[in-house]
Amino acid sequence: MPRKSIPQARKPRSAQRFRRLLLAWYARAARDLPWRRTRDPYRVLVSEVMLQQTQVSRVAEYYPRFLEKFPDLRSLASAPARAVREAWDGLGYYARARSLHALARSVAGRGEAGRGVAKLPEDPQELVKLPGIGPYTAGAVASFAYEKPVPAVDTNVRRVLRRVFLGDAGRGTGDGYIWELARALVPKDGKRAWRFNQAIMELGALICRARRPQCSQCPVRPVCRTGKRLDA
DNA sequence: TTCCGGTCCT
DNA sequence: AGGACCGGAA
């Protein structure tokens with residue numbers, strides 16, 4: 001029994017069409033970003049932590065340099081705090097760097113000496129226990145690194161889902177409901193889930209933006225409760 | 001000058 | 001529930 005009653009989000013009628021339109025658009029409009037070219041859990045993790053409060057253009061600049069200095073979990077774990085802080089300098093929110101460093105130390109130190117390489121958990125429930133990893137990043141790592149069919153809801157995703165499926169009624173909708181909705185929409189196949197999660201975030205970043213959404217160019221407008229009645 | 005954002009802490 | 005953390009963009 002759930003402790004709280006989160007209003008049950010069932011799969012909307014237009015779910016299938018939404019996914020089709022979204023993925024077709026993503027196939028032709030997606031930006032080619034470095035972290036979309038890897039499934040290495042460590043690299044995915046670093047990109048997601050950097051992207052937490054920092055724009056894509058800035059992360060694109062720091063991400064390769066950081067990975068050059070710390071190419072894997074082990075090298076990050078054994079680095080001095082000052083070196084990590086320096087590699088992070090300019091990104092802001094330095095608690096993220098400290099958490100990431102602590103995470104590396106804890107994960108790398110977990111395995112038996114000499115045996116298997118340190119490995120990040122695959123399960124979001126385990127990932128959220130690590131420092132600096134909340135519900136969003138846990139879902140993102142599970143999906144983008146391990147191709148698990150789980151949702152990853154950041155503010156982009158939250159905004160898109162609200163506008164498309166809830167319309168004006170969605171203003172006061174709680175987090176739990178949005179996550180349930182996302183769970184109902186994510187394809188069960190991991191590779192499709194990967195593309196779906198990337199695509200819905202890309203839509204939120206490029207088209208369904210917080211201010212001045214570009215409804216006239218939106219691929220899912222035919223199924224959107226908000227955009228359908230807006231003028232171009 | 002105001003707004004924006006995941007996670008952590010209060 | 002509400003603010004702190006930072007730096008860029010509106």
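Order of the sequence lines fixes the chain letters, A, B, ..., with proteins taken first and strands second; residue numbering starts at 1 for each chain. Because the structure is predicted, anything quoted here is derived from the model rather than measured.
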Exercise for review: Identify, with sequence neighbours excluded, every residue that meets side-chain contact (heavy atoms from CB on, under 4.5 Å) alongside Pro12(A).
Suggested key: Ser14(A), Ala15(A), Phe165(A), Leu181(A), Leu185(A)

Exercise for review: Round to the nearest Å and state the distance from Leu51(A) atom CG to dC6(C) atom C1'.
Suggested key: 15 Å

Practice item. Check each residue of residues 29-48 of chain A for a non-hydrogen atom within less than 4.0 Å of any atom in DNA chain B, then write out the ones that pass by number, or none. Key: none

**Study point:** Listed partners of Ala142(A) passing side-chain contact (heavy atoms from CB on, under 4.5 Å), at least two apart
**Key:** Pro124(A), Leu127(A), Lys148(A), Val150(A)

Exercise for review: Using whole Å, report how far CG of Leu127(A) lies from C1' of dT7(B).
Suggested key: 15 Å

Check your understanding: When you check the gap from the basic side-chain N to the acidic O, do Glu126(A) and Lys129(A) get nearer than 4.0 Å?
Key -> yes

Point to revise | Counterpart residues, salt bridge (charged side-chain N to carboxylate O under 4.0 Å, His left out), relative to Asp189(A) (two or more places apart) | key: none

**Study point:** Point-to-point distance, once rounded to the nearest 0.5 Å, from CG of Leu73(A) to CZ of Arg105(A)
**Key:** 11.5 Å

Practice item. Rounded to the nearest angstrom, tell me the gap between atom CZ in Arg85(A) and atom P in dC5(C). Key: 14 Å

Exercise for review: Answer yes or no: are there more than 12 heavy-atom neighbours, outside Arg37(A) itself, under 6.0 Å from its atom CZ?
Suggested key: no

Revision key, fill the gap. Between the CG atom in Leu67(A) and the CG atom in Asp72(A), the distance rounded to the nearest 0.5 Å is 10.0 Å

**Study point:** Neighbours of DNA chain B within residues 194-210 of chain A, by heavy-atom distance under 4.0 Å
**Key:** none

Exercise for review: Measure the distance from CZ on Arg98(A) to P on dT7(B) and round it to the nearest whole Å.
Suggested key: 16 Å

Atom pairs under 3.5 Å: protein N/O with N/O of nucleotides 7-10 of chain C:
from	atom 1	to	atom 2	distance (Å)
dG7(C)	OP1	Tyr94(A)	OH	3.0
dG8(C)	OP1	Arg58(A)	NH1	3.2
dG8(C)	OP1	Arg58(A)	NH2	2.9
dG8(C)	O4'	Gln55(A)	OE1	3.3

Review point. Does Ala24(A) have any side-chain contact (heavy atoms from CB on, under 4.5 Å) partners at least two apart in sequence or in another chain, and if so, which?
Key: none

Point to revise | Lys/Arg cation over aromatic Phe196(A): Arg19(A), 6.0 Å, 45° cone | key: no

Check your understanding: Who are the side-chain contact (heavy atoms from CB on, under 4.5 Å) partners of Pro71(A), not counting sequence neighbours?
Key -> Ser75(A)

Practice item. State which residues pass ring-ring contact (aromatic ring centres under 6.0 Å, His included) with Tyr63(A); sequence neighbours excluded, sorted by chain then number. Key: Trp35(A)

Check your understanding: More than 12 heavy atoms of other residues, nucleotides or ligands under 6.0 Å from NZ of Lys188(A): is that the case?
Key -> yes

Practice item. Among residues two or more places apart or on two chains, list those pairs meeting salt bridge (Lys or Arg N to Asp or Glu O under 4.0 Å) that have a residue in residues 49-64 of chain A. Key: none

Practice item. Report the distance from atom CG of Asp175(A) to atom P of dG5(B), rounded to the nearest whole Å. Key: 12 Å

Practice item. Taking only Lys NZ, Arg NE, NH1 and NH2, and the carboxylate oxygens of Asp or Glu, determine whether Glu202(A) and Arg36(A) approach each other closer than 4.0 Å. Key: yes

**Study point:** Atom CZ of Arg192(A) with >12 non-hydrogen neighbours under 6.0 angstrom
**Key:** no

Study note, to complete from the structure: Ordered by number, residues from residues 137-158 of chain A within less than 4.0 Å of DNA chain B (heavy atoms) are Thr137(A), Asp154(A), Thr155(A)

Atom pairs, N/O to N/O, protein against nucleotides 8-10 of chain B, distance under 3.5 Å?
from	atom 1	to	atom 2	distance (Å)
dC8(B)	OP1	Gly132(A)	N	2.6

